[in-house]
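See below for the structure under consideration.
In the text below, chain A, chain B and the rest are named by the order of the sequence lines, each starting its count at 1. If you're wondering where the values come from, they're calculated on a predicted model, not measured in any experiment.
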Amino acid sequence: MKIATYNVNSINARMPVLLRWLEETQPDVACLQELKAPQENFPEQALLDAGYNAIWHGQKSWNGVAILTRNRNITEVRRALPGDEEDTHSRYIEAVVDGVTIACLYLPNGNPAPGPKFDYKLAWLDRFKAHAAQLLATGKPVILTGDYNIIPTGADVYKPERWVDDALFRPESREAFQNLLAQGWTDAIRHLYPTETIYTFWDYFRNAYGRDAGLRIDHFLLSPDLVPQLEAAGVDKHVRGWEKSSDHGPVWIRLKD
DNA sequence: ATGGCGTATTTAATACGA
């Protein structure tokens, strides 16, 4: 099973690129973030025509997450992160796909930090850690994937000193990510590529992609039983170079069926 | 250190992203 995550930065603006990438790489599951579309303005039929079933949770203007599947059994479990009834952001959707629980998340950016947006990010992380612990305790296979908006270490950013005050790289954010790993999750990309320079995001500004001035902020966390099944992982970096690309590139893993 | 780009909405100018 090949599972991908892709922050599309507006699904409707990204459809030509998204369809081209799906056709080219044929993931069995694709988790999407930043749909930037209300629930009723999601291109369901075009995706069905491309062979993909979709569940999604949209929102006007911002956020929005979806899980696409190709020839797989999918059952939605929830479309909100537990722990705060007042939270209106569409940032989380969870489903079981052929027996594997897949969580698709779009973690808050948190800038500027400090401030209310950073507080929201840290509160969201607390809720996410609590829910992740519950999922882990089920003992079932689980994948937590999406745009974490966290640069885990200095090896995951082209110039760490420029990012020390940024919400993506502040100690609180890095610590929260390490706390997740300490629960027992495995960072799939780092597991297979412990020392390589791997980025998943390149700013639209300053020719960041051309200079390879990137960040690694889109991640796959695997429950322990899935780690021996991890066959391969990577970033479809070339997609970032296409016309009208998102500022993120798609990231994927392949598990033994 | 700043601002650069891309997308959405209240279609002009602002908010937001990372």
Report, as a single string ordered 5' to 3', how protein heavy atoms within less than 4.0 Å touch nucleotides 10-18 of chain B: B base, S sugar-phosphate only, - not at all. S-----SBB

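Whole-Å rounding puts the A:R162 CZ to B:dG3 P distance at 15 Å. One interatomic measurement links the two molecules: CH2 of A:W202 to P of B:dG6, which rounds to 17 Å at whole-angstrom precision. Taking atom OH of A:Y209 as the reference point, atom P of B:dG6 lies 15 Å away to the nearest angstrom. Rounded to a whole Å, the CZ atom of A:R211 is 13 Å from the C1' atom of B:dC5.
Sorted by first and then second residue, the salt bridge (Lys or Arg N to Asp or Glu O under 4.0 Å) pairs with a member in residues 91-102 of chain A read A:R72-A:D98, A:R78-A:E94; sequence neighbours excluded. The ring pair (Phe, Tyr, Trp, His ring centres under 6.0 Å) analysis of residues 180-201 of chain A, with sequence neighbours excluded, yields the pairs A:F201-A:H248. Listed by first and then second residue, the ring pair (Phe, Tyr, Trp, His ring centres under 6.0 Å) pairs that reach into residues 90-115 of chain A are A:Y92-A:H131, sequence neighbours excluded. A ring pair (Phe, Tyr, Trp, His ring centres under 6.0 Å) check over residues 1-24 of chain A, counting only residues at least two apart or in different chains, returns the pairs A:Y6-A:W21. The ring pair (Phe, Tyr, Trp, His ring centres under 6.0 Å) analysis of residues 53-79 of chain A, with sequence neighbours excluded, yields the pairs A:F42-A:W56.
Aromatic ring centres of A:W202 and A:Y209 lie closer together than 6.0 Å.
Residue order along DNA chain B, read from the 5' end via each residue's closest nucleotide, puts A:R206 first among A:A37 and A:R206.
Comparing the C1' positions of B:dT2 and B:dA12 gives an interatomic distance of 25 Å, to the nearest angstrom. B:dA18 sits 14 Å from B:dA8 when the P atoms are compared, rounded to a whole Å. Distance check on atom P: B:dG3 versus B:dT7 gives 22 Å, rounded to whole Å. Rounded to whole Å, the C1' atom of B:dG4 lies 26 Å from the corresponding atom of B:dT10.
Regarding contacts with the backbone of B:dT7, a side-chain N or O of A:R14 is found under 4.0 angstrom from either OP1 or OP2.
Atom CD of A:Q183 sits about 9.5 Å away from atom CG of A:L135, to the nearest 0.5 Å.
A syn base is found at B:dT11: its glycosidic angle is within 90° of 0.
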